[in-house]
**Q** 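Questions regarding the structure given below will be posed in turn.
All of these numbers come straight from a predicted model, not from anything done at the bench. So you know, we letter chains A, B, ... as the sequences are listed, proteins then strands, and number each from 1.
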There are 2 protein chains.
Amino acid sequence: MKIFSLSGFEKFPISVSDNVLVKQSVKVLRFNKNDTITHQGEVCSDIYFMRTGLVKLSYSTLEGKEFIKSFIRDGEMFGSLYSHLTGGGSTFSIVALEDIEVEVMPFSILQGLIEKYPALQQFALSFFQQLALKKEIREYEFLCLSAQERYEKFCQKNPEIVERIKQADLALYLGVTPIALSRMKHRQ
Amino acid sequence: MKIFSLSGFEKFPISVSDNVLVKQSVKVLRFNKNDTITHQGEVCSDIYFMRTGLVKLSYSTLEGKEFIKSFIRDGEMFGSLYSHLTGGGSTFSIVALEDIEVEVMPFSILQGLIEKYPALQQFALSFFQQLALKKEIREYEFLCLSAQERYEKFCQKNPEIVERIKQADLALYLGVTPIALSRMKHRQ
DNA sequence: TCATTAAATTAACCTCGGTTAATTATCTTT
DNA sequence: AAAGATAATTAACCGAGGTTAATTTAATGA
């Protein structure tokens, strides 16, 4: 049961005075394509709402390899769950794949509002249930599907995203090298 | 911030009358090793608390292959998030790896209690945050680690579980065949 | 204890994906 | 339009893991 659909932090169903608080806490930031919004390892105590554009959340390994956790597009909310829950540095970087405009708010402010408003509590619960479900589906795909099948499914489910990203980034999301993805595409 | 640690549904911090409700709704069931508790495809509108024993949540593919989503041990809670959120059939089966004793309660009862008690709401939020985090860590492992590395990490983090499961089941959890895991173990 | 079944190991063969490097296509930018 | 950079493709080689099947080891039961 969705109480409301998020179209930015200032649209939370809260009192006028708390809305003023939110307006004071929220910063609207712009980044250029290829900018890194937050670096892997940095503590990330903010929550983001993507107004326009597209970013990737990506892991860099010790051997210098990159893998992509997810793509976040306009209208979606994101942050580092790990950083939020443990206070440690984020396990991934956030990089703009297009020029973007994001709203940024400290986790702590959102936390306070959630404790105060049942509707926000329901929203938060639903958000994390959906996040868990998404990640369970990704777990299923890594376990049960081949790279080829993951590729076909992604293209089918996210045709718009495929248009907006480099093929190499799609490969890193699927867990294979860009070369392997190129081969897969041209396999008869 | 953990409000309380779950040691069974009857230990929820709720009123005496609601506790009676819970006691009436909860069934304690016993299953033998190798019994299937719920079958893939069946709607699973219950939530489980594992008193004693160990189960696996596993996917069966069309080609007759099996892959293991997770192991659930004594003291843990589980259910089908997908079935709960969509009303559809569960995407996985639940199979006892030891003789087990579980508490079973309809999701709907828990849902009602969550709406009534802030402490339970906080508990549910925390539960799904932790679930999402666990699945994000598994996503990281599939993306960034080799099968060998996933094996070593699992043994390191879950030595007790390794003792209690068949090596073949560990392989299916790691996403490789039992043969591949045997080879990995004996690789110098 | 022996017999039977299940689990784990090993071998031989093959496919898929990683790696390096060269080549071609596609974008940018002036 | 030409030049330079970036992205994608292709080739050759290698290793990890899948597959089938045989063998050994361990567990279970009568």
**Q** Report yes if at least one side-chain N or O of A:Ser182 is closer than 4.0 Å to OP1 or OP2 of D:dA8; otherwise report no.
**A** no
**Q** Measure from the side chain of B:His186, starting at C-beta and using heavy atoms only, and say which of D:dA8, D:dG18, C:dT10 lies closest.
**A** C:dT10
**Q** Tell me which nucleotide among D:dT10, C:dT19, D:dA8 gets nearest to the side chain of A:Thr177.
**A** C:dT19
**Q** Could you check which of C:dC16, D:dG17, C:dA8 has an atom nearest any side-chain atom of A:Arg187?
**A**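 Selected nucleotide (nearest to the side chain): C:dC16.
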**Q** Just the rounded figure in Å: distance from P of D:dA27 to CZ of B:Arg164.
**A**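 Checked: the CZ to P distance equals 17 Å.
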**Q** Please report the distance, rounded to the nearest Å, between CG in B:Leu181 and C1' in D:dT19.
**A**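 Nearest whole value for this atom pair: 17 Å.
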**Q** Atom CZ of A:Phe142 and atom P of C:dG17: how far apart are they, to the nearest Å?
**A** 13 Å
**Q** Could you work out which one of C:dA7, D:dA12, D:dG18 sits closest to the side chain of A:Arg183?
**A** D:dA12
**Q** Rounded off to whole Å, could you give me the NZ-to-P distance for the B:Lys33 and D:dA27 pair?
**A** 11 Å
**Q** Between C:dT5 atom P and B:Asn34 atom CG, what is the distance in whole Å?
**A** 17 Å
**Q** With no hydrogens and no angle check, is any side-chain donor or acceptor of B:Arg150 less than 3.5 Å from a backbone partner on B:Leu145?
**A** yes
**Q** Using OP1 and OP2 only, check whether a side-chain N or O of B:Lys65 sits under 4.0 Å from D:dT19.
**A** yes
**Q** Could you tell me whether the phosphate oxygens of C:dG17, OP1 or OP2, come under 4.0 Å of any side-chain nitrogen or oxygen in A:Gln148?
**A**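 No, outside the criterion.
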**Q** Where the side chain of B:Ile179 is defined as all heavy atoms beyond and including C-beta, which of D:dA21, D:dG18, C:dG18 is the nearest nucleotide?
**A** D:dA21
**Q** Under 4.0 Å from OP1 or OP2 of D:dT10: is there any side-chain N or O of A:Lys185 that close?
**A** no
**Q** Just by modelled atom types, is the B:Ser90 backbone N or O under 3.5 Å from a matching donor or acceptor in the B:Glu42 side chain?
**A** no
**Q** Quick check against the 3.5 Å criterion: does B:Glu103 have a side-chain atom that pairs as donor or acceptor with the backbone of B:Phe9?
**A** yes
**Q** To the nearest Å, how far apart are B:Met184 CE and D:dA16 C1'?
**A** 10 Å
**Q** Whole Å only: how far is the CG atom of A:Leu174 from the C1' atom of C:dG18?
**A**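 About 16 Å, once rounded to whole Å.
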**Q** If you check every side-chain atom of A:Val176, which of C:dG17, C:dT19, D:dG17 has the closest atom?
**A** C:dG17
**Q** Find the distance A:Leu170:CG to D:dA7:P and express it as a whole number of Å.
**A** 15 Å
**Q** Once rounded to the nearest 0.5 Å, what's the spacing between atom OG1 of A:Thr61 and atom CZ of A:Phe67?
**A** 6.5 Å
**Q** Indicate yes or no for a side-chain donor-acceptor contact from B:Thr36 to the backbone of B:His39 under 3.5 Å, with no hydrogens or angles considered.
**A** no
